[in-house]
Amino acid sequence: MTLAWIALLPFLGALAPALTIRLGRNACALATGLVTATALVLLLSLAPQVMAGEVVTTRIAWFPTLGLNLNFFLDALGLMFAGMILGIGLLVIIYARFYLNKTDPMGRFFAFLLLFQGAMVGIVLSDNILLLLIFWELTSLSSFLLIGYWRHLPEGRQGARMALTITGMGGLSLIGGLLILGQIAGSYDLSVILQSGEAIQASPLYLPALLLILGGCFTKSAQFPFHFWLPHAMAAPTPVSAYLHSATMVKAGVFLLARLWPALSGTEAWFYLVGGVGLFTMVFAAVVALFKDDLKGLLAYSTISHLGMLTFLFGLGTPAAAVAGVFHIINHATFKAALFMNAGIVDHEAGTRDLRKLGGLYTLMPIAATLAVLAGAAMAGIPPLNGFISKEMMLEEAVQASAFGLPWLIPVMVMVGILFSAAYAFRYVVGVYFGPKRESYPSKPHDAPFGMWAPSALLVILAVAIGLAPALVAGPLVNAVAAAVTGGAAGEKHLALWHGFNLPLAMSLGAVIGGAILLSLHRPAARIWTALGLPDAKTLFDRTVAAGAGAARKTTELVHNGSLQRYLAMILGAAILAAAGGFLSAPHVEGLRPTLAAPGAAIVAWLLLMGGTAAVVLGHRQRYLALIFISVIGLVVSLGFVYLSAPDLALTQISVEVVTILLLLLALNLMPKTSPVESSRARRTRDGVLASLGGLGMAGATWALLRRDGPPSISEFHWANSYSGGGGTNVVNVILVDFRGFDTFGEIIVLGIAALTIFALLETADRGASGQRLANWMPDQRRSPERHPMMLVVATRLLLPLASVVGLYIFLRGHNEPGGGFIAGLVVSIALLMQYMASGYAWSNRRLPTDHHALIGFGVTVAALTGVVAMMLGAPFLKSAYEYVSIPLIGDVGLSSALAFDIGVAFTVVGAVMLALHHLSGVAGRAEKLPPSDLPMDVDPSRAPAVGPTPPAGGAGA
Amino acid sequence: MNPWLVAPILIPALLAPLMLLFLRHRLVISRTLSVGACLAMLAVGCGLMAQAASGQIDVYAMGDWMAPFGIVLVLDRLSALMLVTTAVLALPVMAYAIASGLDRKGWHFHPLFQFQLLGLNGAFLTGDLFNLFVFFEVLLIASYGLMLHGGGAARLKAGVQYVVVNLVGSTLFLVAVGLLYGATGTLNMAHMGERVAQAPAGDHALILAGGLLMVAVFGLKAALVPLHFWLPRTYASTSAPTAALFAIMTKVGAYCILRFTTTVFGEGAGELAWAPGPWLLPAALATLLLGFIGVLGARRLRKMAAYAVVGSMGTLLCALAMFTPESTAAALYYLPHSTLSAAALFLLADMIAARRGDYGDTLAPSPPFAQAGVLSGLFFLTAIAVVGLPPLSGFPGKLLILDAVRGTTGGWWVWGFILGTTVISLLAFARAGSAIFWKSVVTEGEVKASAPVAPQASAAIVAALLAALAALTIAGGPVTGYLNATAAQIYDVQAYPDAVLDESRAAR
Amino acid sequence: MIKKLLPHPALTVTLILVWMLLANRLTVGGLVLGVVIGVVVPILTSPFWPDRPKVRFGPATWGYLGLVLWDIVTASFQIAMIVLFKKSEDLRSAWLVVPLDLRSPEAITMLAGTISMTPGTVSCDVSSCGRALLVHALDTPDPGAEVARIKRRYEARLKRIFA
Amino acid sequence: MMDVGPFEILISALLVIGGVFALVGSWGLARMPSLMTRLHGPTKVTTLGVGSLLVASMIFFPAIQGTYSAHELLITLFLFLTAPISANMIAKAHLHRQGRHIDPNPMDDIAEGLPDTGLGTGWATFQGLDTDQLNIPR
Amino acid sequence: MSIEFLVASAVGVLSAAGIYLVLRARTFPVVLGLAFMSYAINVFLFSSGRLVVNEPPIYGQDVAAYSDPLPQALVLTAIVIAFGMTALVVVLALRTFLEAGTDQVDGLGETPAELETLAETSASEAQVRSDVEARP
Amino acid sequence: MIGIAVLFAISCVGLAMTMNLWRLARGPTTADRILALDTLTINAIALIVLMQIQQGSAVYFEAALLLAMVGFVGTVAYCKFLLRGDIVE
Ligand code: NA
Ligand code: NA
């Protein structure tokens with residue numbers, strides 16, 4: 001459990017600075033420090049066990065089926081890293097307390113820092129590689145926040161984004177690699193994976209896994225060619241650079257190499273990939289570092305170079321090299337963090353980090369200078385400092401290594417690397433502190449406050465101590481870690497400052513001397529370097545990203561060009577493809593169902609249909625004419641339903657048809673009456689082809705269905721139970737209101753919502769652009785002055801009651817004969833519509849002031865309540881009941897609960913239709929400049945002659 | 001029969017007309033009722049889930065007509081999951097709509113919202129293919145209303161496209177139903193599965209044509225490329241709460257693909273078993289890619305969110321297309337995650353737009369604006385969720401999918417696409433966030449925006465959604481446990497048909 | 001009171017009849033329902049028919065109906081002959097203006113309808129004062145006589161019915 | 001052809017007449033030279049043809065099928081009620097579109113426009129009421 | 001010539017017309033196209049119950065043959081739904097035309113940036129809001 | 001005998017309908033087309049009636065009845081559109 005707490009403590013603790021910042025900066029820093037210290041103490045409490053060779057584990061199930069669990073383990077490697085993270089973290093917190101300005105939001109800084117710390121600790125303590133992945137990505141995210149901490153700096157933003165992108169990308173690569181690794185090993189637990197080295201290396205998936213994992217490691221550890229984000233990340237506040245970009249985060253990649261060393265190393269691929277990239281990075285970055293004028297830039301490339309060296313060491317694949325690597329991790333952390341803090345002090349005091357503006361600070365900042373000399377010497381690998389020892393160990397391994405059959409290749413490259421390392425280390429120390437004093441520094445430098453230099457001093461002391469007594473100070477730890485990394489293969493290694501005169505010593509000596517010479521030649525060398533004009537990786541990256549985003553935008557906008565027609569063509573095409581693909585990929589046998597001979601009238605109807613369709617398609621630009629033609633199709637379809645034994649369908653089709661036409665006419669009134677020719681011949685051809693394919697498909701499907709009998713339908717049950725169970729003989733209606741009443745329930749809801757939406761759409765039509773357009777609307781056709789023709793009005797007065805009776809009749813008989821609530825509702829609606837058409841909206845509506853909303857609401861509620869009542873009686877929703885009731889004089893009447901349901905349907909229909917009509921004519925009325933007519937008919941000879949205007953509100957009452 | 005099965009449908013079905021009848025002008029009461037209904041649905045959903053967790057499949061026969069002759073509602077673990085996801089989404093979205101005053105910006109917001117939930121719940125519960133069509137229509141037409149709510153030329157233009165595309169989709173749905181009914185003589189999905197299994201080989205072409213067309217129709221709802229075209233503009237043009245609610249609409253498509261394929265073209269279907277899978281995968285991959293390319297290419301945050309929905313559907317469908325219990329369980333974990341995270345992003349985009357005045361949600365720097373600190377934090381977390389980074393549920397979601405598709409045909413493609421698109425989206429969100437929040441620190445001037453409505457409440461709602469994602473992550477064990485059981489239940493050839501058809505079998 | 005209950009008695013009768021026709025069965029129950037409908041529906045729809053044209057139901061009415069029916073049949077034969085055998089160029093079509101003595105819209109409509117259904121004429125329009133009908137005659141040698149025939153044969157009878 | 005009763009003959013005759021009338025009405029529609037002349041065929045002849053068929057049906061069901069159906073009467077009622085109104089509306093629409101110069105028969109070489117009402121007012125299709133008359137309550 | 005052939009070819013032609021029309025660039029023909037699709041699908045769905053003549057699904061003890069009532073019920077539901085949808089889309093087309101001044105739906109004349117413009121929305125929203133507030 | 005008469009009548013009505021179609025397509029005025037459609041509807045009623053006699057079933061009468069009603073409404077609406085643009089005002 002302790003391990004989980006160590007990992008989680010910084011996360012939970014991230015709240016502490018956020019909460020304590022109100023109490024002041026000291027309190028905030030103290031709280032943060034306490035969190036880290038507590039974690040460190042917890043960690044150290046486990047150290048004895050670990051140093052004794054024990055592996056401490058904590059296992060908490062999280063996603064057990066995935067194999068992602070909160071499994072932590074602590075071995076020496078973890079202990080070393082965790083100690084480093086927490087220890088240096090503590091120092092960085094102290095340092096940051098003094099480094100941060102008063103205006104910098106400290107609470108946020110420390111909160112982010114703790115998040116990062118937690119993520120790092122999590123990485124090194126994870127026993128589960130998926131868990132490790134989580135922490136891995138969290139380091140990317142938290143470092144993003146830290147790098148971008150100073151939001152006003154564009155470099156900070158860009159640096160943060162670049163770091164996130166590159167390391168994030170690496171993280172995703174790592175996900176792939178680790179998942180494969182887990183697959184090969186059969187577990188995501190490191191403890192298992194580390195035991196499965198042989199199986200892993202024998203697997204055909206080894207190479208892809210390795211490549212993907214290295215993608216993660218190399219990006220995180222800034223290996224070439226992914227190194228370029230690191231220098232730009234240095235825009236972050238110095239404590240961040242010191243912590244993330246030298247001591248901890250960038251080492252995560254190296255850590256993982258070390259962690260997975262037993263499982264992955266030892267193969268040729270590993271050697272060339274890891275060793276090669278590491279070595280190249282080491283040399284390349286060292287060269288670049290020498291020519292950086294910015295202190296942090298120099299240190300950044302130096303860090304890259306050292307990370308390259310570490311990678312190279314683990315890449316060599318020998319236990320001894322691994323030991324050297326482990327040892328150098330510690331060493332590098334000490335001197336590099338110290339140097340970063342030092343650079344921060346210089347920046348803080350002198351106001352610049354530019355080497356060209358610095359120099360001669362030795363007298364002004366003696367403490368800083370001393371620390372810099374020592375740390376710089378350690379970096380240059382000068383005895384008796386720790387950097388020297390690990391470098392010697394590295395050289396020892398390097399001279400034995402051979403690549404591509406060339407035994408000199410590696411040593412020579414290494415030699416170049418350490419030579420440049422020495423040179424830039426010298427340049428840092430000499431360039432800042434020695435040489436001539438400048439006339440004016442941007443600000444007046446003097447030694448920093450204690451709190452600011454003390455942390456680096458502590459690190460330098462450590463560097464010296466390790467250098468002087470490596471076996472004592474670092475020996476047990478290094479050996480333990482090496483054992484953990486190599487799985488015991490490294491054996492006990494005695495760390496010593498002095499190894500006697502040997503080739504590595506000579507190389508070291510040569511490098512130091514050569515470095516000094518190189519520094520003296522810096523000016524001409526820098527000129528050559530500038531002249532080389534190596535491409536700037538950041539520019540390349542920015543361009544790539546911008547080009548990517550641009551291409552993405554272009555692609556997106558090219559594909560989604562706003563054309564409904566393209567969208568529909570794609571959708572229809574896809575549907576045709578799916579159906580045709582399905583049809584063609586399975587066997588089909590033509591059915592044997594006999595066909596019905598078509599009588600002449602059927603052929604005539606078919607001709608009508610074809611003619612009507614052709615007329616609409618060819619003449620669709622004349623919108624009004626198209627509406628006339630489309631009626632023909634509705635008529636033929638209705639006739640077809642009549643002929644093919646579907647009376648209910650015919651009735652419904654007939655009545656729906658006309659209401660639809662009326663709505664279309666109402667809308668068309670305010671819309672353009674013609675459609676211009678807009679699509680090219682090619683487009684029309686495309687559409688024609690698509691239409692033909694779709695038509696053929698539909699015809700084929702229909703034909704195929706009609707020619708086979710198919711399995712018995714469930715409707716046999718409906719037929720058999722319609723009367724006995726549903727109380728009706730019109731099986732279609734019984735299905736609608738009983739067997740599948742739930743469908744009908746949904747259907748009327750659809751109708752109701754449609755009306756509501758129509759209402760919502762039209763209610764606002766008189767406002768904004770639409771209102772403007774309505775106000776300026778001019779009829780595009782000549783109009784007859786007569787609004788309400790007399791004969792029509794008279795006829796509809798007679799037709800309304802007649803049609804109402806018909807509607808009632810159709811409603812009542814629906815359960816047993818063709819008819820039902822929907823048709824009845826439509827018939828009544830049509831009768832009313834006729835009235836409105838003849839006598840005008842204003843006049844008619846005053847005579848039928850219904851609340852259409854209420855009609856719809858009532859309809860749906862009645863239908864729902866029919867079902868609920870059944871539930872209250874203990875039966876399922878919509879369970880029907882019917883009873884033949886004897887009413888005096890009238891006789892036996894079949895009363896069915898489904899009738900109540902049908903009433904709901906009818907009301908909803910009438911409400912919906914009338915609501916739509918009401919608002920459509922409202923909109924048209926707004927376009928009209930005429931006052932609404934209060935007269936039911938324009939011409940009425942029986943009317944008294946005009947006696948002068950009266951207000952319209954005075955209205956004609958009945 | 002458990003009467004509670006109808007509750008998720010009945011609650012909105014009774015409430016919405018009630019609001020229509022009596023409460024059209026009573027905003028406060030409507031709001032109270034609406035929130036109450038959402039809470040009730042959440043409670044009922046949880047109750048049903050608890051019940052379904054036992055593994056029992058509950059069947060409710062509408063009108064007491066047993067399947068396959070009548071329409072049945074079926075509650076299994078999967079439908080319970082969908083109900084709860086819907087309810088969890090609906091509550092904060094409704095709260096946000098109220099907090100931002102959206103429900104005052106037009107008519108009938110609350111009834112439409114309730115009808116929308118009715119349609120969703122119905123679609124998740126029904127066991128009948130045609131009834132599914134009806135509920136599709138209910139949820140679609142309610143969505144039209146919600147989508148257009150508030151009006152404006154841009155919204156209306158987008159609305160025309162949305163409506164027309166879906167009308168075409170409904171037509172295709174009926175074609176598929178017609179083919180399947182004609183070839184199998186039934187509408188109940190479980191029964192259809194049995195009929196498909198028994199169908200003579202000569203009928204297979206028709207059945208498969210119908211089946212694939214059906215899947216294409218569901219794919220249209222699920223924004224499967226190239227059927228996705230309706231989505232970006234619709235989601236980007238409508239009001240934020242509507243877009244947030246719509247996050248579940250695409251999941252209806254995914255749910256239906258899963259339900260339909262497993263019941264009708266499941267293991268028992270012999271030669272036709274899992275036939276839609278191979279068609280689905282390439283489309284899902286294209287969806288994934290095109291979606292996240294859109295995320296990177298967007299000019300506005302809402303467009304970005306809309307494309308993120310497409311992309312996340314690609315992710316989800318990649319997993320679904322494999323049709324293995326593992327991949328399905330993974331997809332089902334990713335489903336609520338992507339729903340809630342997309343909702344959070346839409347709401348957040350709205351908050352940002354509201355505070356930036358004329359700058360709106362464009363991905364360009366503006367002068368500093370109100371609540372930038374809080375919003376940037378929320379944005380960071382939301383982006384993490386949408387991209388699929390730890391610590392939120394997107395990460396385990398993607399891990400689950402990657403883990404599950406390993407070894408299947410096309411698994412490597414899925415890996416490559418998911419990992420690659422994650423990079424793209426990471427880049428996109430980093431750019432977007434930096435443009436909106438970081439660059440605004442240095443941009444001169446000030447934004448002209450009216451004071452945000454209920455700023456704390458809105459932020460709290462987004463935070464609540466993120467908290468739900470956190471909960472999904474923390475409770476990963478129990479959740480995946482439930483989902484594994486869900487997948488097992490779905491892939492159990494007998495469980496679903498037995499539960500649905502037992503009564504009629506006994507009668508026969 | 002009666003007026004409120006039976007706004008259009010003729011309509012009530014018609015509706016009862018219509019209901020019986022629809023119901024297709026002569027039962028007491030059906031009749032009762034028919035009466036209920038015949039009473040209720042006119043009341044419900046009466047707002048849309050505010051005027052109460054006075055119609056005398058008597059032999060004149062039935063005679064008129066019979067006459068019209070006869071004329072329709074003969075008219076149809078006449079038109080059929082014209083359609084089948086007369087050349088278009090030989091058609092002596094004309095516009096007729098029928099000055100009206102009738103004043104009630106119902107009566108004028110009735111007349112116009114009659115004109116349209118009977119030989120060779122279709123009513124096309126009324127004057128905006130409502131006192132003249134515009135009629136198209138398909139083939140008439142003497143338009144004036146045709147107008148006189150209309151007024152004599154139909155309008156005069158209608159004047160008696162719509163008193 | 002055995003057992004041909006009077007009903008059969010009557011029904012058959014009505015059917016034949018109805019069919020012929022329907023055909024002739026439509027033939028008139030097809031062949032007449034202008035809308036005004038075409039209007040006569042469908043309005044009268046077709047309507048009567050359908051009426052004849054309806055009568056045939058009205059006799060057929062009780063006489064031959066033994067079932068009783070009176071819906072035909074209702075349909076006839078509807079048709080006779082609506083046919084003149086339809087014709088009137090179509091004519092009005094046509095007048096409106098063609099204007100006052102519309103000729104009763106464009107084929108007969110006699111140019112003839114619309115006559116005046118003879119009452120000082122125009123035809124309703126062309127001349128409306130004064131606008132201030134519109135709001136007069138009755 | 002069989003009825004089946006006539007029906008199948010009719011379904012095909014109606015579908016083709018529907019597809020062609022919905023691919024036109026203006027809302028009105030698109031609506032017509034939807035209507036055609038609706039006709040086609042109604043007939044198709046109806047056909048899934050096979051075709052019979054003079055056997056309406058009216059139950060009677062002595063009725064042996066009947067047309068399949070289930071597809072008829074389905075088509076009825078489909079017709080009603082399509083009716084509601086058509087009404088909505090018609091009104092929507094009108095409303096959009098009034099608001100935008102065009103019934104173009106082919107994305108012509110709309111730049112990608114315009115496609116994303118929402119400025120109009122906020123103005124109109126504000127108006128609606130004040131109006132709703134004005135109501136009790 | 002009735003059978004033959006019905007067949008004859010059906011043929012007549014069918015022929016009539018093709019003529020209506022011709023007029024519908026031909027025009028030339030819009031009013032012609034409306035008239036043709038109106039006639040087509042009436043002929044459709046005739047067809048339904050004949051179909052019933054042929055099949056000896058009276059189930060479809062409501063269809064004819066409705067067609068009569070609806071055909072009228074349609075015609076009026078089309079005409080009103082030509083006359084006024086707004087069919088309900
Ligand atoms: Na006449
Ligand atoms: Na002439």
Side-chain angles (χ1 to χ4, degrees), chain A residues 61-63 65-66 134 137-138 151-152 157 161 164-165 168-169 172 176 179 183 549 552-553 555-556 564 567 570-571 574-575 578-579 582-583 586-589 704-705 710-714 717 739 741-743 746 749-750 753-754 756-757 760 764 853-854 857 860-861 864 876-879, chain B residues 6 13-14 17 20-21 61-65 68-71 106-108 115 131 134 137-138 141-142 144-145 151 161 172 182 185-186 201-202 204-206 208-209 212-213 216 226-227 229 293-294 296-297 389-390 400 402-403 406 419 422-423 426-427 430 434 438 441-442 476-477 480 484:
Chain A
W62 187 14
F63 282 82
T65 46
L66 174 61
I134 288 181
E137 295 288 37
L138 282 177
R151 296 171 179 187
H152 52 278
R157 291 197 298 271
R161 228 164 64 192
L164 180 64
T165 312
M169 236 156 71
L172 294 164
L179 282 174
Q183 183 191 0
R553 176 165 300 177
T555 312
T556 307
L564 173 64
Y567 302 172
M570 295 298 271
I571 288 166
F583 188 84
H588 175 71
V589 176
L705 279 183
S713 165
I714 51 172
F717 176 90
F739 294 117
F742 200 46
D743 277 346
I749 287 177
V750 168
I753 305 172
L756 297 191
T757 308
T764 55
H853 281 100
V860 175
T861 310
F877 187 67
L878 286 179
K879 161 95 176 159
Chain B
V6 236
L14 287 173
L20 214 55
L21 266 173
M62 281 294 157
D64 212 9
W65 297 108
F69 313 114
I71 295 167
W107 284 99
H108 298 322
F115 278 132
N131 192 240
V134 173
E137 297 305 299
V138 172
I141 197 150
Y144 303 156
Q161 301 203 340
L172 295 173
T186 189
H204 281 185
L206 276 179
L208 194 53
L212 286 188
L213 191 58
L227 303 156
F229 283 103
I293 285 180
L296 182 58
L389 295 176
L400 279 163
L402 294 177
D403 183 64
R406 206 174 37 197
L419 293 175
T422 307
V423 175
L426 177 67
L427 188 62
S434 139
W438 282 353
V441 175
V442 286
T480 47
N484 289 327

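A, B, ... follow the sequence lines: proteins, then strands. Residue 1 opens every chain.
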Can you check whether [X] reaches [Y] side chain to side chain, under 4.5 Å on heavy atoms?
{"X": "B:Thr480", "Y": "A:Leu66", "result": "no"}
{"X": "B:Met62", "Y": "A:Lys879", "result": "no"}
{"X": "A:His588", "Y": "B:Leu206", "result": "yes"}
{"X": "B:Trp107", "Y": "A:Leu756", "result": "no"}

What's the shortest heavy-atom distance between [X] and [Y], and which atoms?
{"X": "B:Leu426", "Y": "A:Leu164", "answer": "CD2-O, 3.7 Å"}
{"X": "A:Leu564", "Y": "B:Gln161", "answer": "N-NE2, 3.6 Å"}
{"X": "A:Ala579", "Y": "B:Ala209", "answer": "O-CB, 3.3 Å"}
{"X": "A:Pro876", "Y": "B:Ala61", "answer": "CB-O, 3.3 Å"}

Please classify the contact between [X] and chain A as side chain, backbone, both or neither, with a heavy-atom cut-off of under 4.5 Å.
{"X": "B:Ala142", "answer": "both"}
{"X": "B:Ala216", "answer": "side chain"}
{"X": "B:Leu419", "answer": "both"}
{"X": "B:Asn484", "answer": "side chain"}
{"X": "B:Val6", "answer": "side chain"}

For each of B:Gly185, B:Ala205, B:Gly477, tally heavy-atom pairs with chain A at distances under 4.5 Å, and name the one with the top tally.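 Looking at each of B:Gly185, B:Ala205, B:Gly477 in turn, B:Ala205 comes out on top.
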Looking at B:Val423, B:Ile71, B:Leu213, B:Leu212, which has the largest count of heavy-atom pairs under 4.5 Å with chain A?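 Of the options given, most contacts go to B:Ile71.
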Need one label for A:Ala754: side chain, backbone, both or neither, based on atoms under 4.5 Å from any heavy atom in chain B.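 For A:Ala754, the contact with chain B is made by backbone and side chain together.
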Chain B: which of [options] shares the most heavy-atom pairs with it under 4.5 Å?
{"options": "A:Pro587, A:Gly710, A:Ala549", "answer": "A:Pro587"}
{"options": "A:Thr165, A:Thr861, A:Leu878, A:Ile753", "answer": "A:Ile753"}
{"options": "A:Ala61, A:Ala575, A:Gly168", "answer": "A:Ala575"}
{"options": "A:Val860, A:Ile134, A:Val589, A:Thr757", "answer": "A:Ile134"}
{"options": "A:Ile714, A:Thr555, A:Thr556", "answer": "A:Ile714"}

So does A:Leu179 get a backbone contact from the side chain of B:Arg406, meaning a donor-acceptor N/O pair under 3.5 Å?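 Pair found, side chain donor or acceptor close to backbone of A:Leu179.
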With sequence neighbours excluded, residues passing side-chain contact (heavy atoms from CB on, under 4.5 Å) with A:Ala864: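 Applying side-chain contact (heavy atoms from CB on, under 4.5 Å) to A:Ala864 gives A:Phe745, B:Leu14.
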Candidate pair A:Phe583 and B:Leu208, rule side-chain contact (heavy atoms from CB on, under 4.5 Å), full reasoning: CA-CA 6 Å; A:Phe583 188 84; B:Leu208 194 53; over 6 Å; no
